[in-house]
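Since the structure comes first, as structure tokens, the remarks are kept for the end.
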Amino acid sequence: MASTDLQDDSDDGMDAFMDKFKTQRYKNAFSENNWEEEFNKIPMFMKTAPEEIDPKKYPELACLQSIIHDEDRSPEEQAKSLKDEGNAFFKEKNYKHAVVAYTAALNKKCGDQELNAVLLTNRAASHFHLGNMRSALNDATAAKKIKPDHLKALIRGAQCCMELRNFSGAIQWCDEGLKTHPTDNKLRELRASADKHKRAAERDARKAKAKEKKLHGEKEALLGAIKERGIKLFQHIRSRPEGSDSEDEDERPSAGIAQLSLDSLSSVEVTGVQVFLDEQGSLHWPVLFLYPEHQQSDFISAFCENNSFRDHLSVMFGEELPPWDTDRKYHPQILQLYFEDEEKETLYQVDPEMSLLQILQHKRFFVKAGTPSFMVLVKDSSFWKQFMSGKKIHGL
């Protein structure tokens, strides 16, 4: 009877409590505007975990975290809780936080080697998705060391090697895995892919080596042809004052043809054109014509050494004169060509009927930056007289 009275009192009390809301509004109830926000604060209904857990804003979550990180529990229990936390982050694709959680679990240094292998493999997966292939490979290697037959670690190690283009390493990982998991399709697929890429890389390396050897042979033949003709290249020679540590370079003509090198043939032209040797054994040079009166220039990409200057001038200043020649005075018959000997501050006049080879073989001509250059002036023009004033001039 007494218990019935107590039940009645309880029911009466609840009825009275509920009746109160007929006249009073519950102050802390969810509204239509904030119910989703409030639900997201409850751990069970959270869609994503907050970046930082504020105990005032998320008291329930802070309480759960304190339970997870309870230092009174054993290292194994703490590590497992942190592993679960890392797994939750991983499922949300929050790989950075997953790495932090797995690292914290590993720092507990629990004696459960099976768990440690799982933690290392999971952290390797997180690093893999972040693009940290070296870190992922290191973790997979550490997990394999603890548990050599760990399938996920073996697969992850092979995948990391593939991403790092270490195909031989990927094959080695797969072979180790197939010893204990001979029927695993993932390992089989990875090994087949690694072997295919390895053979392709080796083929490409052979092609590149053969191409490099061919190019080197062609360049050596080119240098031999230049040396045989006695053509001199302008060299970069380091010049240091006595007792000075200066690294400044002083450009000077090389003293002998033995100074020839492939670097001396590199053109500074925007086109990157370089002298070449044709099948008939003739050299074709990139040649620059300068017009100081108008600050203009012409570039011939392949001037055959056997052609005369007249051949090119007739084409360049034939029927149609260049637009910058407003006075219409650049006619082939009255043009004069010169090359400059910078060391002796002397101009040498070039006979247009001479071939390029004859000029290149002159004792004072040096090919600079792989591109012979010549100045073109109009004979007896006012600019020609002014430009030549005070200069040393020699004829060929």
Side-chain angles (χ1 to χ4, degrees), residues 43 46 48-53 61-191 194:
M46 280 183 175
T48 57
E51 294 289 330
E52 294 184 6
I53 300 174
L61 196 60
C63 181
L64 288 172
Q65 189 183 46
S66 66
I67 295 173
I68 293 173
H69 299 283
D70 184 4
E71 296 298 331
D72 292 334
R73 296 183 303 153
S74 68
E76 286 77 10
E77 290 178 312
Q78 294 180 56
K80 286 178 182 177
S81 297
L82 287 164
K83 184 201 74 172
D84 294 338
E85 184 179 333
N87 291 348
F89 282 125
F90 189 91
K91 288 178 182 178
E92 294 174 5
K93 298 185 178 181
N94 191 340
Y95 303 118
K96 289 184 178 179
H97 281 74
V99 168
V100 172
Y102 294 136
T103 302
L106 287 165
N107 288 338
K108 297 301 177 182
K109 301 186 184 304
C110 73
D112 188 342
Q113 294 303 308
E114 183 81 19
L115 176 59
N116 287 334
V118 171
L119 289 169
L120 285 164
T121 304
N122 289 0
R123 190 171 70 174
S126 301
H127 276 307
F128 183 87
H129 288 289
L130 288 170
N132 304 330
M133 298 304 161
R134 292 289 179 189
S135 297
L137 182 59
N138 290 339
D139 279 346
T141 302
K144 181 166 70 78
K145 187 175 181 180
I146 294 173
K147 190 178 179 185
D149 62 343
H150 196 318
L151 180 59
K152 288 186 177 180
L154 292 162
I155 291 173
R156 188 65 64 191
Q159 289 174 330
C160 291
C161 287
M162 289 290 290
E163 292 296 321
L164 293 168
R165 299 190 63 80
N166 179 6
F167 304 122
S168 295
I171 291 173
Q172 185 177 349
W173 276 83
C174 291
D175 287 344
E176 289 184 35
L178 289 170
K179 288 178 182 178
T180 51
H181 306 278
T183 60
D184 187 78
N185 289 329
K186 186 65 177 177
L187 282 174
R188 286 180 172 182
E189 291 173 6
L190 278 170
R191 197 196 187 288

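All residue numbers refer to positions in the sequence shown, counting from 1. Everything numeric in this text was worked out from a predicted model, so none of it was measured.
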Of the non-hydrogen atoms in [X] and [Y], which two are nearest, and what is the gap between them?
X      : Y      : result
Lys179 : Pro182 : O-CD, 4.3 Å
Cys161 : Leu137 : SG-CD1, 4.1 Å
Ala79  : Ala105 : O-CB, 3.6 Å
Ala194 : Ala170 : CB-CB, 3.8 Å

Can you pull the salt bridge (Lys or Arg N to Asp or Glu O under 4.0 Å) pairs that have at least one residue in [range], sequence neighbours excluded?
range            : result
residues 158-172 : none
residues 93-106  : none
residues 116-139 : Arg123-Asp139

Nearest 0.5 Å, what's the [atom1]-[atom2] distance between [X] and [Y]?
X      : Y      : atom1 : atom2 : result
Gln172 : Arg191 : CD    : CZ    : 11.0 Å
Lys108 : Glu76  : NZ    : CD    : 11.5 Å
Asn116 : Leu106 : CG    : CG    : 6.0 Å
Arg156 : Leu190 : CZ    : CG    : 10.0 Å
Met162 : Gln159 : CE    : CD    : 9.5 Å
Asp112 : Lys80  : CG    : NZ    : 6.0 Å

_So Thr103 and Val100, do their side chains get closer than 4.5 Å, heavy atoms only?_
no

*Under the side-chain hydrogen bond (donor to acceptor under 3.5 Å, both in side chains) test, which residues partner Asn166, sequence neighbours left out?*
none

*With side-chain contact (heavy atoms from CB on, under 4.5 Å) as the test, would you mind laying out the steps for Leu120 and Tyr102 before giving the verdict?*
CA-CA 8 Å; Leu120 285 164; Tyr102 294 136; over 6 Å; no

*Return each pair, listed once, that meets ring-ring contact (aromatic ring centres under 6.0 Å, His included) where at least one residue sits in residues 163-186; pairs must be two or more places apart or across chains.*
Phe167-His197

List, one per line, each side-chain donor-acceptor pair under 3.5 Å for residues 142-151, sequence neighbours excluded.
from, atom 1, to, atom 2, distance (Å)
Lys144, NZ, Glu176, OE1, 3.0
Lys147, NZ, Glu114, OE2, 2.7
His150, ND1, Lys152, N, 3.4

*asked:* I want to know whether Tyr95 and Phe89 have ring centres closer than 6.0 Å.
replied: no

*Would Leu154 and Asp184 count as a side-chain contact (heavy atoms from CB on, under 4.5 Å) if you check the C-alpha gap in whole Å, the side-chain angles of each, and the deciding distance to 0.1 Å?*
CA-CA 11 Å; Leu154 292 162; Asp184 187 78; over 6 Å; no

